[in-house]
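Okay, so here's the structure we're looking at.
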Amino acid sequence: MNKKIIIANWKLNPITVKEAVDLAKKVDSENSVICPPFPFLSAVKGAIKKSKLGAQNIFWENKGAYTGEVSAPMLKDCGVEYVIIGHSERRRHLKETDELISKKVKAAIENKLIPILCIGETPEQRKKRVVEEVVKKQLEYDLSGIRNLKFEIRNLIIAYEPIWAIGTGVPCEPEEAVRVHRLIKTLIPDSRFLISNLQIIYGGSVDSKNIEGFLKYDEIEGTLVGGASINAGEFQKILKIANKIN
Ligand code: PGA
């Protein structure tokens, strides 16, 4: 079984390289991934010894005339091993579609970066009780770029992040997340995908008080932490709990 992985999504924080390095040093820990903003990647890489480095986004072409974009080979050269793809904030504010996301997943896999693909339903979809259909559709579209790859995909992380739980302080009930994680598992080991290590994690208002309630389930193989990951003391507590379970 995989060790539980704790991924810190710093989003648009902090402001300076110094703050980023200070925070990274304080939360450097086994089985964790730190995803700082692009300008801090190299400095954070230099500051960590145990954590792995992740990015928050990627472009699907490796190079060329694409102003403002950052490619997989560039990320790899900075020491990045993981990349968050399809976060709901990018789907919403940057209008990222499933089509773009599927190209990004493919670019990550082809360049041997581990994608952390984020999926999850809106509050309206939850109210309409169409969570299963939404998750199924997102997986179908977002993984369509890697469906026919001829080689085995070593690692893929799916982060189930119900949108209504992100940044709200109202997490999903762990039992509800477990049900969706089981569904994701049944949808992915499909003959069209050769994935040797699939890890399904939960994200949305995870903190040091509720993390144990998620990680105690085998189906929840880690968490994606936003707000609580930029508070060193709080994130240290989260890591301590996760490492005790590991
Ligand atoms: P949150 O964010 O922990 O602040 O809810 C999680 C995420 O957006 O990945």
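None of these values were measured; they are calculated from a predicted model. Every number for a ligand or one of its atoms is a count from 1 in the order of the listing.
- For Ser205, a nitrogen or oxygen atom sits less than 3.5 Å from a nitrogen or oxygen atom of ligand 1, counting backbone and side chain alike.
- In terms of protein heavy-atom proximity, atom 4 (O) of ligand 1 is nearest to Gly227 N, 2.8 Å.
- Ligand-side atoms of ligand 1 in range of His87: 7 (C), 8 (O), 9 (O), range being under 4.0 angstrom from any heavy atom.
- Ring geometry for Phe59 against Tyr66 counts as tilted: the plane angle lies between 30° and 60°, on a 0 to 90° scale.
- Under the side chain to side chain donor-acceptor pair (under 3.5 Å) test applied with Tyr217, the options Arg182, Glu175, His181 reduce to a single match, Glu175.
- Using modelled atom types, no side-chain atom of Ser29 and backbone atom of Ser32 make a donor-acceptor pair closer than 3.5 Å.
- Asn111 contributes no side-chain N or O that, together with a main-chain N or O of Leu113, makes up a donor-acceptor pair within less than 3.5 Å.
- Residues Lys106 and Glu110 are paired through a salt bridge, judged by an N-O separation under 4.0 Å between the basic side chain and the carboxylate.
- Among all protein heavy atoms, the one lying closest to atom 7 (C) of ligand 1 is Glu161 OE2, 3.2 Å.
- Of the possible polar contacts, none joining the Glu152 side chain to the Ser196 backbone as a donor-acceptor pair under 3.5 Å is found.
- Shown in contact with Gly204 at under 4.0 Å from a heavy atom are these atoms of ligand 1, numbered in order with element: 5 (O).
- In terms of polar-atom proximity, defined here as any N/O pair under 3.5 Å, Gly167 does make such a contact with ligand 1.
- An N or O contact shorter than 3.5 Å links Gly226 to ligand 1 by distance.
- Counting only distance, with no hydrogens or angles, the side chain of Asn31 and the backbone of Ile5 share no donor-acceptor pair below 3.5 Å.
- Near Leu224, meaning under 4.0 Å from any of its heavy atoms, are these atoms of ligand 1: 9 (O).
- At a heavy-atom cutoff of 4.0 Å, ligand 1 is contacted by both the backbone and the side chain of Ile166.
- Among protein heavy atoms, the minimum distance from atom 2 (O) of ligand 1 is reached at Lys11 NZ, 3.2 Å.
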